[in-house]
Undergrad: 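If you scroll down you'll find the structure; I have some questions about it.
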Amino acid sequence: MVTSISPGPFIPMLVDMTPSLVLVNSYFDSIANGISKYEDPLRKAVREVVIPSIQTNFRVSGRPAWKPLSEATNEIRSRLGGGSGILVKSGSLESAMGNENLWQFSSDEAVLAGLPSDVWYGIIHQSGYEGGGGANPIPARPFAVLQAEDEDKIDEIFVEWLGEVIDDGWPGI
């Protein structure tokens with residue numbers, strides 16, 4: 001596009017805009033539309049960072065470390081022959097937490113929607129239970145916890161995604 005500008009009594013200037021302003025505007029619109037929906041990087045972050053981090057929490061007995069099992073719980077486990085870790089008796093809760101289908105995604109958030117009914121007790125372990133009605137208290141052993149290094153990895157996923165959106169929206173960059 002060639003535009004002639006004649007600012008008063010001065011020498012006229014000729015400006016050649018390549019690509020045209022209309023095309024540049026369409027590139028910006030394409031980029032703006034691409035970054036208005038975060039579902040793709042959110043899914044990738046849950047799959048590649050959040051779920052593996054939660055599963056690591058099970059393997060290392062919490063980060064920060066969970067309170068050890070009570071002596072009574074250890075005795076019961078010995079009699080029943082179960083468990084290789086604090087929250088690992090059958091492995092069902094850890095396995096369930098590895099399921100991406102437990103998450104609900106929208107254009108701007110990822111939410112752990114709930115636990116399957118066969119691992120309902122995970123809610124108690126996540127938050128703890130004060131006891132009552134003859135039941136002993138259960139300390140909180142939060143397993144669905146992000147670590148500082150997880151946040152850095154999630155940031156990397158979003159930066160990579162943003163670069164892809166810009167590359168797709170602005171050809172030739």
Side-chain angles (χ1 to χ4, degrees), residues 1-66 85-88 91-120 122-123 125-128 140-173:
M1 172 181 171
V2 178
T3 304
S4 178
I5 301 173
S6 182
F10 302 102
I11 301 172
M13 242 175 27
L14 188 62
V15 178
D16 183 12
M17 294 290 297
T18 306
S20 72
L21 288 176
V22 171
L23 194 54
V24 169
N25 188 47
S26 73
Y27 293 162
F28 280 121
D29 285 345
S30 177
I31 292 168
N33 287 334
I35 62 174
S36 67
K37 300 175 188 119
Y38 305 115
E39 186 173 344
D40 289 342
L42 285 169
R43 283 185 183 280
K44 184 173 183 177
V46 166
R47 183 176 45 258
E48 295 181 9
V49 179
V50 176
I51 288 174
S53 182
I54 290 171
Q55 291 179 321
T56 297
N57 291 338
F58 281 95
R59 284 192 299 280
V60 300
S61 296
R63 297 176 296 166
W66 296 326
I86 293 179
L87 289 187
V88 183
S92 296
L93 180 58
E94 179 182 3
S95 177
M97 291 308 300
N99 186 346
E100 187 179 336
N101 293 331
L102 293 181
W103 293 81
Q104 291 180 347
F105 298 92
S106 69
S107 62
D108 63 351
E109 68 180 356
V111 176
L112 182 60
L115 296 176
S117 60
D118 63 327
V119 292
W120 59 269
I123 296 167
H125 290 301
Q126 178 72 18
S127 302
R141 295 184 176 105
F143 49 86
V145 177
L146 290 178
Q147 308 301 309
E149 63 266 20
D150 298 333
E151 294 174 15
D152 294 339
K153 291 174 186 174
I154 291 169
D155 284 348
E156 289 172 16
I157 287 171
F158 273 82
V159 167
E160 178 183 314
W161 166 78
L162 183 57
E164 291 169 2
V165 169
I166 291 170
D167 288 347
D168 290 346
W170 195 295
I173 288 185

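Just so it is clear, the structure is predicted and the values come from calculations on it, not from any experiment. We use all heavy atoms of the structure for the numbers below, so side chains are in, but hydrogens, waters and symmetry mates are not.
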Undergrad: Hey, does Val50 have a side-chain heavy atom less than 4.5 Å from the side chain of Asp150?
TA: no

Undergrad: Which atom pairs, donor and acceptor, lie under 3.5 Å between side-chain atoms of residues 151-158 and protein residues at least two apart or in another chain?
TA:
none

Undergrad: Supply the atom-to-atom distance Glu94 CD to Thr56 OG1, rounded to the nearest 0.5 angstrom.
TA: 9.0 Å

Undergrad: Is a side-chain N or O of Arg63 found less than 3.5 angstrom from the main chain of Ser53, in a donor-acceptor match?
TA: yes

Undergrad: Got a donor-acceptor contact below 3.5 angstrom from the Trp66 side chain to the Pro142 backbone?
TA: yes

Undergrad: How close do Phe58 and Leu93 get, heavy atom to heavy atom, and via which atoms?
TA: CZ-CG, 3.7 Å

Undergrad: Any side-chain heavy-atom pair from Trp161 and Lys44 closer than 4.5 angstrom?
TA: no

Undergrad: When you compare the side chain of Leu42 with that of Trp103, does any pair of heavy atoms fall below 4.5 Å?
TA: no

Undergrad: Has the side chain of Glu100 got a donor or acceptor atom that lies under 3.5 Å from a matching backbone atom of Val46?
TA: no

Undergrad: Roughly how far, to the nearest 0.5 Å, is CG of Leu115 from OG of Ser92?
TA: 12.0 Å

Undergrad: Quick one: closest heavy-atom pair of Arg47 and Ile51, and the distance?
TA: O-CB, 4.4 Å

Undergrad: Restricting to non-hydrogen atoms, name the atom on Gln126 and the atom on Ala144 that form the minimum distance, rounded to 0.1 Å.
TA: OE1-N, 3.0 Å

Undergrad: In Å, rounded to the nearest 0.5 Å, how long is the span from CG of Asp108 to NZ of Lys37?
TA: 12.0 Å

Undergrad: Listed by chain and number, what are the side-chain contact (heavy atoms from CB on, under 4.5 Å) partners of Asn99, not counting sequence neighbours?
TA: Asn101, Leu102

Undergrad: Would you mind reporting whether Val119 and Met97 have side-chain heavy atoms less than 4.5 Å apart?
TA: no

